[in-house]
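Comments concern the structure below.
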2 protein chains.
Amino acid sequence: MWLTVDPRSSTPMYQQIIADVKERIAKDILAPGSRLPSIRELAVDMTINPNTIAKAYQELEREGVIEVVRGKGTFVTEKREGPSPAASAADLRELLTKVLVEAHHKGVAFADVSRELEDLILHWSGSATDE
Amino acid sequence: MWLTVDPRSSTPMYQQIIADVKERIAKDILAPGSRLPSIRELAVDMTINPNTIAKAYQELEREGVIEVVRGKGTFVTEKREGPSPAASAADLRELLTKVLVEAHHKGVAFADVSRELEDLILHWSGSATDE
DNA sequence: CTATGTGTATTACTCTATATAGTACACATA
DNA sequence: TATGTGTACTATATAGAGTAATACACATAG
């Protein structure tokens, strides 16, 4: 199965699809320019409604992650331009703050979070040097 | 105003309250043992329904973040026991993965994420050595 | 005991988001 | 022309969020 999703999760299925595709692209499992399964294909494969896939694809296109060619299919965007660097920094900071808050309430030392991040980066997409 | 929330956000208000309280505790702005505003107090202050506050407080108690004493009020839990360290590690890894995926699609280098995290830890709760 | 202030519980209602279902359209290409 | 793309639209069902109003159980200051 190309993609799986948990229908009983609290996070909507279309958002799970979005997150999954973005993660594969970030890990270079989905290379830029490569083609994604068609909406109907995926719908049959995942046994969910085509509209749900369409919603995910539309959001991904809106974010510039994929590109759509009418009548042909959807493809991973070749070249990306980063949004405003300032906005990126703010968003990143917000995400990392959430991580530290969660770590605190789980009793995980901040140093361990730092170590974990380093480790993740090191083994990203099977020891590939991303970014 | 003790707490503010965005009613038009896609994340529910009661979840915003939860996140805010947890962040303040993690940053030691809310010390263990200190009292939180009463449900009705906060409801008037924030001009939202008491049920919404109650829902947030109940979830925070379920997580062991705060403690409730009937007829007296709600207080920040004094001593915490970390959950299973294994589960914590897995959750942390998942959160950090999300961060890296977001960073990738924003065109932020992983090294910068690492630096940003170090910086956040360093200035956590106004240069206090947490954890 | 009484009054007041805690959190809790319950019921009813509205609104929005999610997901499904079915149909129709526009474009590309073999 | 037939088939496979994504898109658009309407209708329906379900779940979650939020409000509203009321009642209950407990603690404590008068």
Side-chain angles (χ1 to χ4, degrees), chain A residues 1-22 25 30 33-78, chain B residues 1-22 25 30 33-78:
Chain A
M1 184 130 28
W2 197 81
L3 206 168
T4 58
V5 122
D6 181 9
R8 304 184 312 169
S9 167
S10 61
T11 64
M13 292 193 288
Y14 82 95
Q15 282 184 22
Q16 293 182 49
I17 297 172
I18 292 172
D20 200 286
V21 169
K22 288 171 81 173
I25 294 174
L30 272 178
S34 63
R35 186 178 176 279
L36 274 68
S38 80
I39 287 179
R40 292 174 180 81
E41 237 176 6
L42 246 190
V44 172
D45 188 45
M46 302 172 66
T47 60
I48 68 175
N49 196 281
N51 294 340
T52 305
I53 318 278
K55 191 171 184 179
Y57 277 18
Q58 283 163 7
E59 173 62 15
L60 283 168
E61 192 199 16
R62 201 190 59 79
E63 293 183 27
V65 176
I66 63 179
E67 279 171 350
V68 161
V69 189
R70 301 250 292 193
K72 297 192 68 175
T74 71
F75 307 84
V76 178
T77 301
E78 293 279 2
Chain B
M1 188 131 25
W2 198 82
L3 207 169
T4 57
V5 123
D6 182 9
R8 304 184 312 169
S9 167
S10 61
T11 65
M13 290 193 290
Y14 82 96
Q15 283 184 21
Q16 293 182 48
I17 297 173
I18 292 172
D20 200 285
V21 169
K22 287 171 82 173
I25 294 174
L30 271 179
S34 63
R35 187 176 176 280
L36 275 67
S38 80
I39 288 180
R40 293 175 180 80
E41 234 175 8
L42 246 191
V44 172
D45 188 44
M46 301 172 67
T47 60
I48 67 177
N49 196 282
N51 294 340
T52 305
I53 317 277
K55 193 172 185 179
Y57 277 18
Q58 282 163 9
E59 173 64 15
L60 283 169
E61 191 198 19
R62 201 190 60 78
E63 292 183 28
V65 177
I66 63 179
E67 279 171 350
V68 161
V69 188
R70 302 249 291 194
K72 298 193 67 177
T74 71
F75 306 84
V76 178
T77 301
E78 292 279 4

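Within every chain, numbering begins at 1; the chains are lettered A, B, ... in the order of the sequence lines, protein sequences first and strands thereafter.
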Practice task
Answer yes or no: is there a side-chain heavy-atom contact under 4.5 Å between B:Glu63 and B:Glu59?
Solution key: yes

Handout entry: A:Lys22 side chain near A:Leu60 side chain, heavy-atom distance below 4.5 Å
Key = yes

Practice task
State which of D:dC26, D:dG18, D:dT7 makes the closest approach to the side chain of A:Ile39.
Solution key: D:dT7

Handout entry: Out of C:dA19, C:dG7, D:dT19, whichever nucleotide has its closest atom nearest the side chain of B:Met13
Key = D:dT19

Handout entry: Value in whole Å for how far the C1' atom of D:dG16 lies from CD of B:Glu59
Key = 14 Å

Problem - Candidate nucleotides D:dG18, C:dT20, C:dT10, ranked by approach to the side chain of A:Thr52 - the nearest - result: C:dT20

Handout entry: Options C:dT8, C:dT6, C:dT18, nucleotide nearest the side-chain atoms of B:Gln58
Key = C:dT8

Practice task
Decide side chain to side chain contact (heavy atoms under 4.5 Å, CB included) for B:Thr74 and B:Glu61; before the verdict, give the C-alpha distance in whole Å, the side-chain angles of both, and the deciding distance to 0.1 Å.
Solution key: CA-CA 9 Å; B:Thr74 71; B:Glu61 191 198 19; over 6 Å; no

Exercise for the section: Report which part of the nucleic acid B:Glu61 touches: base, sugar-phosphate, or nothing (heavy-atom distance under 4.0 Å, all strands). Expected result: sugar-phosphate

Problem - Whole angstrom value for the distance that separates P of D:dT5 from CD1 of A:Ile53 - result: 13 Å

Exercise for the section: Go through the steps to decide whether B:Met46 and B:Met13 satisfy the test side chain to side chain contact (heavy atoms under 4.5 Å, CB included), and finish with yes or no. Expected result: CA-CA 11 Å; B:Met46 301 172 67; B:Met13 290 193 290; over 6 Å; no

Exercise for the section: Please figure out whether A:Val69 or A:Gln16 has its closest DNA chain C nucleotide nearer the 5' end. Expected result: A:Gln16

Problem - Minimum-distance nucleotide (side-chain atoms of A:Lys55 versus C:dT18, D:dA17, C:dG7) - result: C:dT18

Exercise for the section: State which of C:dG22, C:dG7, C:dA19 makes the closest approach to the side chain of A:Pro12. Expected result: C:dA19

Problem - Base partner of C:dT29, which must satisfy Watson-Crick or wobble distances under 3.5 Å - result: D:dA2

Exercise for the section: Scan B:Thr74 against the nucleic acid and name what it touches under 4.0 Å (heavy atoms): base, sugar-phosphate only, or nothing. Expected result: sugar-phosphate

Exercise for the section: Just compare C:dT20, C:dG7, D:dA17 and give me whichever is closest to any side-chain atom of B:Val68. Expected result: C:dG7

Practice task
Tell me whether the OP1 or OP2 atom of D:dT5 has a side-chain N or O from A:Ser38 closer than 4.0 Å.
Solution key: yes

Exercise for the section: Rounded off to whole Å, could you give me the CG-to-C1' distance for the B:Asn51 and D:dC24 pair? Expected result: 15 Å

Practice task
Give a yes/no on whether any side-chain N or O of A:Tyr57 is located under 4.0 angstrom from OP1 or OP2 of D:dG6.
Solution key: no

Practice task
Take atom CG of B:Asn49 and atom C1' of C:dT14, then tell me their distance rounded to the nearest Å.
Solution key: 13 Å

Handout entry: Pair A:Ile48-A:Ile17, side chain to side chain contact (heavy atoms under 4.5 Å, CB included): steps then yes or no
Key = CA-CA 12 Å; A:Ile48 68 175; A:Ile17 297 172; 4.3 Å; yes

Exercise for the section: Identify the residue among B:Val68, B:Val69, B:Leu30 that makes a side-chain contact (heavy atoms from CB on, under 4.5 Å) with B:Phe75. Expected result: B:Val69

Practice task
Could you check how far OH of B:Tyr14 sits from P of D:dT19, rounded to whole Å?
Solution key: 13 Å

Practice task
Could you tell me the separation between the NZ atom of A:Lys72 and the C1' atom of C:dA26, rounded to a whole number of Å?
Solution key: 16 Å

Handout entry: Sugar-phosphate, base or nothing in reach of B:Arg35, heavy atoms under 4.0 Å
Key = sugar-phosphate

Exercise for the section: Starting from C1' on C:dT6, measure out to CZ on B:Phe75 and report it in whole angstrom. Expected result: 9 Å

Exercise for the section: Starting from C1' on D:dT7, measure out to CZ on A:Arg70 and report it in whole angstrom. Expected result: 6 Å

Handout entry: Candidates C:dG7, D:dT7, C:dT18 - which lies nearest the side chain of A:Gln15
Key = C:dT18

Problem - Donor-acceptor pair present, B:Arg40 side chain and C:dG5 base, under 3.5 Å - result: no

